[in-house]
Amino acid sequence: MATALNQVLAADTPASQALLTALLHASPAILPQAFDQLSGEVHASTATAAFEDALLPEGAILDRLNQPVSTPALGSTSTLTGAYAADLPWRPALAPVTASFYEPRVFDLWGQGFGEWGHVSSDGNAAALLRSTGGFVLGGDISTRGFLGGDWRLGLAGGYTNDRISVSERLSNATFESVFGGVYAGASFGSLQLRAGALYGTNTTSTNRQVIFPGFSDALSSSNGGYTAQGFAEAGYRVELANARFGFVSHASIEPFAGAGAMLIHQNGFTEGGGATALTGFGRDFDIQTTTLGVRSELAFGSLPVKIATMLGWRHAYGDVVPSVLLGFQGGAQAFSASGVPIDRDAFVAEAGMSYAVSSSVSVGVSYSGQFGQRATDNAFKGRLDWSF
């Protein structure tokens with residue numbers, strides 16, 4: 001913070017002189033806390049929250065692509081074997097005749113709503129972060145069987161997330177909102193499962209923070225925009241467990257998979273409103289990549305319209321996992337860097353859910369997902385609706 005103090009001196013305003021006077025008269029025990037509040041680290045920590053937020057629509061789309069392609073409705077079967085009887089006097093003879101019908105592509109609408117609660121512990125530099133996120137994803141897709149030897153699904157999706165962030169040790173909080181849209185596709189060739197998607201979201205970040213120590217107080221706020229662009233893909237190999245049928249279980253499968261994703265989070269520049277401790281932030285890009293290895297399983301129960309699905313995996317993150325932003329006091333001559341709470345490089349991820357077929361065209365589902373790393377813990381609850389017609 002020596003650079004920050006030099007900027008306060010350079011500003012040479014009554015407000016900056018009041019800040020300097022308060023710092024010079026503060027006890028040594030108070031100074032570390034005062035410097036931490038002056039740092040504006042919440043602006044960097046919001047990048048960590050933005051990363052976690054972007055994983056929610058990605059997960060929703062992959063969940064959708066993991067659903068099997070809808071079976072054609074009665075009357076739209078691609079082939080039908082019929083027979084006719086030759087009206088001959090000596091004996092009737094049956095001969096098979098194949099009647100071909102046009103198989104329309106099946107159109108589905110689906111939606112997922114979610115709520116997530118997360119905590120990221122301090123790394124000894126940046127303070128702990130609490131976050132709560134709510135949002136939804138809506139999508140529509142078409143599916144077809146037998147095209148190029150596989151079953152295909154192509155669709156569009158969009159939605160909204162709202163994340164409330166608290167960094168209580170820095171007397172700071174923020175709201176991060178994103179409106180996003182994108183495309184996705186999936187194909188299955190027997191046991192081989194392929195899934196991919198791309199999303200683009202426009203973001204709005206609003207922050208409020210306080211700088212309070214003996215002899216000084218200031219209230220600051222800012223609002224800035226940005227965007228998140230991300231792409232992701234996954235490949236799996238689904239194995240039907242024919243010998244696993246027991247009791248009520250009529251179907252079981254297991255699918256090892258590998259996935260990868262890339263994310264670009266851009267924060268626009270901003271200028272805080274407030275007094276001597278108000279900061280100006282410079283625009284910044286955060287590049288983050290992930291790989292995921294895991295296994296999915298699914299169980300069905302006889303004639304019951306219920307399925308249970310689980311997922312266990314390990315996610316590894318690369319790139320700008322320790323976010324930092326370039327800040328400067330207004331009127332100061334130099335800028336300084338502030339780092340936020342890091343993204344875990346390695347995390348255990350898990351999900352468990354149940355779906356219920358209300359009818360041949362409507363199904364609903366609920367699920368839990370969690371992420372557990374060295375510092376971060378996230379727990380999410382999701383509800384899903386699928387409608388085929």
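Values reported hereafter were calculated over all heavy atoms of this structure, with side chains retained and with hydrogens, waters and symmetry mates removed. Numbering starts at 1 and runs along the sequence shown.
- Geometrically, Arg284 does not engage Phe282 in a cation-pi contact defined by less than 6.0 Å to the ring centre and at most 45° from the axis.
- For the pair Phe176/Thr133, no side-chain contact is recorded, criterion being any heavy-atom separation below 4.5 Å from C-beta on.
- The backbone N or O of Ala376 sits less than 3.5 Å from a side-chain atom of Asp344, completing a donor-acceptor pair.
- Here the side chains of Ser45 and Ile165 are not in contact, with every heavy-atom distance at 4.5 Å or above.
- By the 6.0 Å contact criterion, OH on Tyr237 is open, its count of non-hydrogen atoms from other residues, nucleotides or ligands being 12 or less.
- Inter-residue side-chain proximity for Phe51 and Ile265 is flagged as met; some heavy-atom pair is nearer than 4.5 Å.
- Among residues two or more places apart in sequence or in another chain, the ring pair (Phe, Tyr, Trp, His ring centres under 6.0 Å) test is passed with Tyr318 by His316.
- At least one donor-acceptor pair closer than 3.5 Å links the side chain of Ser122 to the backbone N or O of Gly124.
- More than 12 non-hydrogen atoms from other residues, nucleotides or ligands lie less than 6.0 angstrom from CZ of Arg375.
- When all heavy atoms are compared, the tightest approach of Ser223 to Ser206 is OG-OG, 3.8 Å.
- Scanning both residues, Thr207 and Ser222, for their nearest heavy atoms gives OG1-OG, 2.5 Å.
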Checklist line | Arg209 vs Glu272, salt bridge (charged side-chain N to carboxylate O under 4.0 Å, His left out): CA-CA, chis, key distance, verdict | finding: CA-CA 10 Å; Arg209 62 189 188 93; Glu272 287 185 326; 2.8 Å; yes
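- With hydrogens and angles ignored, the 3.5 Å screen pairs a side-chain donor or acceptor of Asn224 with a backbone N or O of Asn268.
- The two residues Glu41 and Ser339 come nearest to each other via the heavy atoms CB-O, 3.7 Å.
- Taking all atoms of both residues into account, the shortest heavy-atom contact from Val341 to Ser121 is CG2-O, 3.4 Å.
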Next item on the list: Determine, step by step, whether Tyr184 and Leu199 satisfy the side-chain contact (heavy atoms from CB on, under 4.5 Å) criterion, reporting the C-alpha distance in whole Å, the side-chain angles of both residues, the deciding distance to 0.1 Å, and the verdict.
Entry: CA-CA 9 Å; Tyr184 61 90; Leu199 293 170; over 6 Å; no
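- Glu234 places none of its side-chain heavy atoms less than 4.5 Å from the side chain of Leu65.
- Using a 4.5 Å cut-off on side-chain heavy atoms (C-beta onward), Phe336 and Leu327 make contact.
- Taking each heavy atom of Gly155 and Asp141 in turn, the nearest pair found is CA-CB, 3.5 Å.
- Atom CG of Leu154 sits about 5.5 Å away from atom CD1 of Ile142, to the nearest 0.5 Å.
- A salt bridge links Glu255 to Arg195: one of the charged nitrogens lies within less than 4.0 Å of a carboxylate oxygen.
- The aromatic rings of Tyr227 and His266 lie parallel to each other, with less than 30° between the two planes, well short of the 60° mark.
- Residues Arg384 and Asp63 have side chains not in contact (no heavy-atom distance under 4.5 Å, counting atoms from C-beta outward).
- Between Arg64 and Asp386 there is a salt bridge, since at least one side-chain N of the basic residue sits less than 4.0 Å from a carboxylate O of the acidic one.
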Next item on the list: Run the numbers on Ser178 and Thr161 for side-chain hydrogen bond (donor to acceptor under 3.5 Å, both in side chains), then give the verdict.
Entry: CA-CA 5 Å; Ser178 182; Thr161 60; 4.5 Å; no
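- The CZ atom of Phe136 lies 8.5 Å from the CZ atom of Phe114; values are rounded to the nearest 0.5 Å.
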Next item on the list: Just do the side-chain contact (heavy atoms from CB on, under 4.5 Å) check on Gln371 and Leu55 with the steps written out, would you?
Entry: CA-CA 11 Å; Gln371 177 177 289; Leu55 294 177; 3.8 Å; yes
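- Of the possible polar contacts, one joining the Gln37 side chain to the Ile212 backbone as a donor-acceptor pair under 3.5 Å is found.
- Remark: side-chain polar atoms of Glu58 are not paired, donor with acceptor, to backbone N or O of Phe232 under 3.5 angstrom.
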Next item on the list: Applying salt bridge (charged side-chain N to carboxylate O under 4.0 Å, His left out), run through Glu116 and Arg131 and close with a yes or a no.
Entry: CA-CA 8 Å; Glu116 183 179 64; Arg131 46 185 293 272; 3.1 Å; yes
Note to self: Test side-chain contact (heavy atoms from CB on, under 4.5 Å) on Ser324 and Ser337; report intermediate values, then the result.
What the structure shows: CA-CA 6 Å; Ser324 64; Ser337 179; 3.7 Å; yes
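- The two residues Phe301 and Val306 make their nearest non-hydrogen contact at CD1-O, 3.6 Å.
- Looking only at distances, no side-chain donor or acceptor of Asn208 sits under 3.5 Å from a matching main-chain atom of Ser221.
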Next item on the list: Any chance you could lay out the side-chain contact (heavy atoms from CB on, under 4.5 Å) test for Val325 and Phe286, step after step, and finish with the verdict?
Entry: CA-CA 10 Å; Val325 292; Phe286 303 91; 4.0 Å; yes
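- Looking only at side-chain heavy atoms (C-beta outward), Phe372 and Asn379 come within less than 4.5 Å of each other.
- With 3.5 Å as the limit, one finds a donor-acceptor pair spanning the side chains of Asn203 and Thr228.
- You'll find the side chain of Arg238 stays beyond 4.5 Å of the side chain of Glu298, heavy atoms only.
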